[in-house]
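Following: one structure in structure tokens, then a few remarks.
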Amino acid sequence: MLRVIGKRLLLLVPTLVGLSLLLFLWVRALPGGPATALLGERATPEAIERINALYGFDRPLWEQYVTYMGRLVTGDFGVSIETGRPVLEEFARRFPATLELATFAILFAVLIGVPLGYLAAKHYGRAIDHGSVVLSLLGIVVPVFFLAFILKYVFAVQLGWFPPDGRQDPRIDATHATGFWVLDGFLTGELDAAGDAFLHLVLPGIALGTIPLAIIVRITRASVLDVLGADYVRTARSKGILESTIRDRFVLRNAMLPVVTTIGLQVGLLISGAVLTETVFAFAGVGQFLASAIFARDFPVLQGFILFIAVGYALINLVVDVSYSFIDPRVRVQ
Amino acid sequence: MSAVLPPASDASIAPEPQEPKGPAPREAGTSVWGAAFARMRRNPQAIAGAAIVLLFVLVAILAPILAPFAGTALPGRAEITPTSIPVPGELAQYPLGLDRFGGDVLSKLIWGAQASLLIGLVSTALGLAGGMLLGLIAAGFGGWVDNVVMRVVDILLSVPNLLLAVSIAAVLGQTPAAVMIAIGASQVPIFARLLRSSMLQQRSADYVLAAQTLGLSRRTITMSHVLPNSLGPVVVQATLALATAVIDAAALSFLGLGGGRPETAEWGRMLTYAQNELAIAPHLAFLPGICIAITALGFTLFGESLREALDPRQRKA
């Protein structure tokens, strides 16, 4: 098992090297060069020259690439043009917020999506089935940021049940040790802070979790329908095994494989969704930071962020692949 | 025994969807596409999707006739105050109200359909062309060419689709063309992978063996037999990609990419500016959002029923 994981990690290396090469060429292939991208099209030639010298854009391409790769390997992703601080430090500071939000979103999606998909398949062709199909279609076609607007308008602006933006009520002065604010509240015993941070997660979390929810409902439904028609389920039933045992041991366990794969694949959607959702709810995570980096043409941040996401995406899918063999012993990771 | 090409694969070389020729869709001589469309005509989901798509296309094309005002016109500038924006039904001449700039919301929604259709078609065509070329090269040449092309595709797939589009658009600059190229380019890897796997699957089919026995060249077999028979999944994906393109274009525009003036009649742009007026004019957010969702719904319903209709497992049933 460890050898398999090691091999998969090694296979990741060429992909990442390729991606970093693409990213390297990407900024340098701009019309007018990277300095124009940074300064805008009305920059004076002197300013462009100064930037070129400062960032080494005037050196030969191969020399730039060697320097760039050397820095990447040592974890130096460059400095944010907007804030002047190292890109990695900026991410580290904001990442817990996004991770907290994404965790809420994926929990929301799984805890509602799997049971709903199961019930829809179980009651195939009845109201709950039709409802789940409509819901999953809606989840796919409604743009994330539009859903965020609706939630914000109805539940924050009109009803006032949830705060409209931010991560915490500014009047609450809580200590933040880990960066996961809900967890921080529990760790320091400031339960009101934990509760408040949780309330701030609800609306953006639901907005972010809706597309994964829609997809998980569909996959679970389809997968359970497949399994329900299987011979071993009919056999189990004819032997008089308890319906709840059939559900847990036979149906759900066998139907979960495609669902787990899907959950892994949703991570990419969650990250793109976070850029939009965090912007609508002024939620200070990496997504919002990325959105402002796009506005500011902060290329070191964009470059670093994309590499960072590609690594995370690949690692999560590795975890998913490995988890197969725990769910289904017949699948041996190869 | 002499190898005979099955008539079904022969007829399906024509990539154009064909109307079914007889009442029984599965009779010999009916093309794959003809049978698929016959099946779709009986599927209410497909009809609903097609109706939405048709309505959307008609509105987009007839925008100059349907829209009361020009897309960039600001006829109601005098009616706007910092704290109030006329909502739908408030003023008779602007049935869906006005926006922050004094533009007529109804007209902007209609012109926005045109903008969305243009972005959707151009970007999907770009993605389709690029992806099919890569997929064709990979599957057609095989060997190390296949390896190199697919590794590049893998690299691109390691970045989530929307972020890929965002990064490309960020580099290309603030123009509507940049958005189209970015969305198109972000779809290239998916099309490439789909066409390649579909072609590899087709290559092991009996009719390829038959063509080989007849002494046809590899090039002829690939281009006139394997490729046309491999298009099904690609066409389905293209329909679904139109939905994604409409949503992604709105997202890019929401993130400030896409250029043009703030009052541009474009659904994503309208949503962006609606954000600040949510408390006094929620219709500014709801109307364009609903338009995006309905359009995406139309393409999704149509694409999915097309997939069902083309799925061989369904055909056997």
Side-chain angles (χ1 to χ4, degrees), chain A residues 12 14-23 26-27 29-31 37 41 133 137-138 140-150 152-154 156-158 164 267-273 275-276 279-280 290-295 297-299 302-303 305-307 309-311 313-314 317, chain B residues 45 52 148 151-152 154-174 186 240 243-244 246-257 267-268 271-272 274-275 278-280 282 284-286 288-301 304:
Chain A
L12 192 58
T15 306
L16 290 178
V17 171
L19 184 65
S20 65
L21 179 63
L22 279 187
L23 286 171
W26 167 60
V27 176
L30 297 173
E41 268 152 32
V133 172
L137 254 180
L138 280 182
I140 291 169
V141 302
V142 174
V144 175
F145 56 101
F146 175 52
L147 182 68
F149 277 158
I150 298 178
K152 189 172 169 175
Y153 178 72
V154 175
V157 178
Q158 288 297 314
V267 176
L269 269 180
L270 277 184
I271 295 163
S272 348
V275 176
L276 300 164
T279 307
V280 174
L290 187 73
S292 75
I294 294 166
F295 260 123
R297 299 172 80 76
D298 194 341
F299 286 104
L302 278 175
Q303 251 180 349
F305 189 79
I306 290 169
L307 266 180
I309 285 169
V311 176
Y313 199 27
N317 282 305
Chain B
Q45 191 187 321
I52 295 173
V148 170
R151 285 301 80 74
V152 174
D154 278 348
I155 291 171
L156 292 175
L157 281 173
S158 72
V159 181
N161 204 284
L162 180 65
L163 284 188
L164 191 60
V166 164
S167 19
I168 297 170
V171 169
L172 292 176
Q174 308 279 325
S186 75
L240 297 174
T244 319
V246 171
I247 295 178
D248 282 0
L252 291 192
S253 171
F254 174 74
L255 288 174
L257 299 159
W267 294 340
L271 266 171
T272 311
Q275 204 177 184
L278 215 47
I280 56 169
L284 292 180
F286 291 137
I290 289 167
C291 287
I292 296 171
I294 290 179
T295 307
L297 180 71
F299 285 116
T300 305
L301 285 177
E304 285 185 351

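Treat the numbers as computed from the prediction; the structure is a model and nothing was measured.
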Minimum heavy-atom distance A251(B)-F145(A), with the two atoms named: CA-CE2, 3.5 Å
Chain A interface, residue from L297(B), L162(B), I247(B) that has the most non-hydrogen pairs under 4.5 Å: L297(B)
Top contributor to chain B interface from V157(A), I150(A), V311(A) [non-hydrogen pairs under 4.5 Å]: I150(A)
Test side chain to side chain contact (heavy atoms under 4.5 Å, CB included) applied to I290(B) and V142(A), step by step: CA-CA 8 Å; I290(B) 289 167; V142(A) 174; over 6 Å; no
L290(A), part contacting chain B, at a heavy-atom distance under 4.5 Å: side chain
Part of L302(A) lying under 4.5 Å from any heavy atom of chain B: side chain
L22(A) to I155(B) - nearest heavy-atom pair and separation: CD1-CG2, 3.8 Å
Greatest number of heavy atom pairs closer than 4.5 Å to chain A - which of I294(B), T300(B), L271(B), T295(B): L271(B)
Student check: side-chain heavy atoms of L164(B) and I306(A) closer than 4.5 Å: no
Region of V280(A) that comes under 4.5 Å of a non-hydrogen atom in chain B: both
Closest approach of I292(B) to P143(A) (non-hydrogen atoms, all atoms of both residues): CG2-CG, 3.4 Å
Side-chain touch F286(B)/F149(A), heavy atoms, less than 4.5 angstrom: no
Heavy-atom pair count under 4.5 Å with chain A, highest-scoring of G268(B), G289(B), A274(B): G289(B)
Validation row, ring centre F254(B) to ring centre F146(A) under 6.0 Å: no
Between CG on residue L301(B) and CG on residue L137(A), distance to nearest 0.5 Å: 5.5 Å
Intermediate values then yes/no, side chain to side chain contact (heavy atoms under 4.5 Å, CB included), V275(A) and L255(B): CA-CA 9 Å; V275(A) 176; L255(B) 288 174; 3.9 Å; yes
I309(A) and V159(B), any side-chain heavy atoms less than 4.5 Å apart: no
Under 4.5 Å from a heavy atom of chain A, the part of S167(B) involved: both
